[in-house]
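Everything on this sheet refers to the single structure shown next.
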Amino acid sequence: MDVFEEMVLEIVSWLPAKSICKFKSTCHSFSNFSKEILFKTKQSQNLFERGDTCFFIQPDQINQRYNKKVEFQSLPKHQQYSGIPNHVLSFLSNSICVLDSSNGLLLCNIINNDPINIFICNPITKSWFPIPIPESLQKNHKLANMNIMLECSLDDYKVFLFENTSDWFLACYVCNVYYAKEGVWQTMENNFLPGGRSMKFDMHVFHKGSLHFISDSGCYLSRSSSFYKPYIMSYNLDNGISCMLKLPRQALKGCHMKCNMGIFNWGKVNSSYSSICLVKLRKCVITVWFLKDYDSSLWKKVLKVRVRALGLTEKDPNVTGFTIMNGNLLVFSTEEKIYSCGLDDENFMMVEEICQHNCGFYTRFISYSDTLRSCGTNSEIMPVRN
């Protein structure tokens, strides 16, 4: 390969997979190198550093069982360059629940399927790989929530599965980890101890070598309980130790009354400034904090605003779901539309309408970046039709 070709490959490796696929149809050499493992790895790494450009939106896991709906959108500045084929989206919208996403790979579950069927897929390359499920979950999955999540490193990925080991409310969870390269599940020696509250496993954050989950905030515990106030619980992925992180005092005010809170990544994941972001929605007021000091649970408020003050075109907007994308962009849905609101200095409080949606009152976002990331050496072609 000459110097010019190396320069071209370097430039192309920074493009989203959708744009690369367009080049493949016009240039034979592009079609060849886009299949090479080294190029796929480089392109995936480059886009990982840039951040996600798209997202899936669907009803939450409980409502998704009855209202099967998966919609896909790109952020406004990336609509011409990022995306997935329409026939692949149609396949995903047919009895599929998107559980998680990381570096171009999706972790999905086939709804109302017995036995349980979970798979990894890349919607751009139309490849998928079924994940074998531990026998214990196969036996109990009708009673269990899908507490499962995906983490991609540069050349591998892991699937984490938290199984409830007891019918007792104050339960502990066995953590099983699937290692893609070895193709095996391993059980962590120490269980995850969530405390006295239920955890929101679909709002997880990987940070400082630990998985973090926020509890619910329902008013079902007495004031004398040490778990009366909602909190974040971490689970160290090396030693399996569970630790509690306190929420900011302001977040705890009125938290037991019609309040929705979630945690997300703050800042670029691999940067020294990365942290955890907390979003609280109560009485049509959105408040955002980030964890300034991890060891002391010191939080800093970034935003507090009434939804009406954001200048939305809807008369009485009711926020139905929210997320933080790329560590600095608040994306939220109303009953009809999806909007974004900047949180960094350059785009602070800049609101932009993204699209309309039809996912109902309880929406869940899964951010996504279209890469050529491989699902594994034994992946198969997805059963989709053009």
Side-chain angles (χ1 to χ4, degrees), residues 61 97-103 105-111 113-121 128-216 227 231-245 263 269 276 366 373-379:
Q61 285 193 38
C97 178
V98 180
L99 301 172
D100 203 2
S101 168
S102 181
N103 198 215
L105 297 184
L106 300 181
L107 178 63
C108 300
N109 172 42
I110 298 179
I111 302 173
N113 192 72
D114 195 6
I116 192 169
N117 194 325
I118 293 175
F119 61 91
I120 297 286
C121 76
W128 73 342
F129 181 79
I131 301 295
I133 294 300
E135 184 178 353
S136 59
L137 184 61
Q138 287 286 11
K139 292 180 179 179
N140 302 316
H141 77 276
K142 291 183 179 180
L143 301 176
N145 293 321
M146 293 303 301
N147 304 323
I148 190 167
M149 50 229 61
L150 172 69
E151 181 189 35
C152 285
S153 58
L154 294 180
D155 60 349
D156 196 10
Y157 64 82
K158 299 175 185 176
V159 176
F160 296 88
L161 172 64
F162 288 82
E163 290 187 69
N164 192 334
T165 59
S166 172
D167 294 331
W168 175 243
F169 182 74
L170 294 176
C172 62
Y173 291 81
V174 173
C175 178
N176 298 296
V177 186
Y178 178 78
Y179 295 87
K181 280 190 174 181
E182 293 81 5
V184 296
W185 286 93
Q186 293 184 10
T187 302
M188 294 283 289
E189 183 176 351
N190 294 325
N191 294 342
F192 171 55
L193 306 177
R197 289 188 168 274
S198 297
M199 294 287 110
K200 296 183 178 181
F201 285 98
D202 60 343
M203 289 186 176
H204 56 272
V205 173
F206 290 94
H207 183 61
K208 289 186 175 292
S210 299
L211 263 168
H212 298 77
F213 309 99
I214 189 170
S215 72
D216 69 355
F227 303 110
Y231 52 86
I232 294 172
M233 191 68 76
S234 69
Y235 181 73
N236 190 288
L237 298 176
D238 290 327
N239 55 31
I241 295 177
S242 304
C243 293
M244 182 188 292
L245 280 74
I263 57 171
V269 177
I276 298 175
I366 301 96
R373 183 67 183 258
S374 172
C375 296
T377 55
N378 297 320
S379 59

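Residue numbers start at 1 and run along the sequence shown. Just the heavy atoms: all of them, side chains too, but no hydrogens, waters or symmetry mates, feed the values below.
- Atoms CD1 and CD1, from I131 and I120 in turn, are 4.5 Å apart once rounded to the nearest 0.5 Å.
- Looking at E163 and N176, their side chains do bring a donor and an acceptor atom within 3.5 Å of each other.
- Atoms CG and OG, from L107 and S102 in turn, are 10.0 Å apart once rounded to the nearest 0.5 Å.
- Residues passing the side-chain contact (heavy atoms from CB on, under 4.5 Å) test with P132, sequence neighbours excluded: Y178, W185.
- Listed by chain and number, the residues in a side-chain contact (heavy atoms from CB on, under 4.5 Å) with E189 amount to none (sequence neighbours excluded).
- For S153, there are no side-chain hydrogen bond (donor to acceptor under 3.5 Å, both in side chains) partners two or more places apart in sequence or in a different chain.
- Side-chain contact between L105 and C152: present, with at least one pair of heavy atoms (C-beta onward) separated by less than 4.5 Å.
- D156 pairs by the salt bridge (Lys or Arg N to Asp or Glu O under 4.0 Å) definition with nothing, not counting sequence neighbours.
- Two rings, from F160 and F206, have their centers less than 6.0 Å apart.
- With C108 as the partner, the side-chain contact (heavy atoms from CB on, under 4.5 Å) test is satisfied by one option alone out of I111, L106, I110: L106.
- Applying the salt bridge (Lys or Arg N to Asp or Glu O under 4.0 Å) test to every pair with at least one member in residues 205-216, sequence neighbours left out, gives these pairs: R197-D216.
- Going from atom CD1 of I148 over to atom CD1 of I118 covers 3.5 Å, rounded to the nearest 0.5 Å.
- Checking side-chain atoms of S215 against main-chain N and O of Y231 turns up a donor-acceptor pair under 3.5 Å.
- We find the CZ-SG distance between F129 and C121 to be 13.0 Å, quoted to the nearest 0.5 Å.
- Rounding to the nearest 0.5 Å places CD of E151 at 9.0 Å from NE2 of H204.
- Residues M188 and N190 fail the side-chain proximity criterion, which asks for heavy atoms closer than 4.5 Å.
- Listed by chain and number, the residues in a side-chain hydrogen bond (donor to acceptor under 3.5 Å, both in side chains) with K158 amount to none (sequence neighbours excluded).
- Among residues two or more places apart in sequence or in another chain, the side-chain hydrogen bond (donor to acceptor under 3.5 Å, both in side chains) test is passed with H212 by Y294.
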**Message:** The test is side-chain contact (heavy atoms from CB on, under 4.5 Å); show your working for L211 and M149 and say whether it passes.
**Reply:** CA-CA 10 Å; L211 263 168; M149 50 229 61; 3.8 Å; yes
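- Residues passing the ring-ring contact (aromatic ring centres under 6.0 Å, His included) test with F201 are F162, Y173, F213, sequence neighbours excluded.
- Between atom CD1 of residue I232 and atom CE of residue M199 there is a gap of 9.5 Å, rounded to the nearest 0.5 Å.
- For N236, the side-chain contact (heavy atoms from CB on, under 4.5 Å) partners two or more places apart in sequence, or in a different chain, are S210, D238, N239.
- Here the shortest heavy-atom pairing between V98 and I366 reads O-CD1, 3.8 Å.
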**Request:** In sequence, state the C-alpha distance, the side-chain angles, and the governing distance for F192 and C172, and then conclude on side-chain contact (heavy atoms from CB on, under 4.5 Å).
**Result:** CA-CA 6 Å; F192 171 55; C172 62; over 6 Å; no
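- Applying the side-chain hydrogen bond (donor to acceptor under 3.5 Å, both in side chains) test to K181 and every residue at least two apart in sequence or in another chain returns D155.
- The nearest pair of heavy atoms linking C375 to S379 is CB-CB, 3.8 Å.
- Under the rule for a ring-ring contact (aromatic ring centres under 6.0 Å, His included), Y179 has no partner lying at least two apart in sequence or in another chain.
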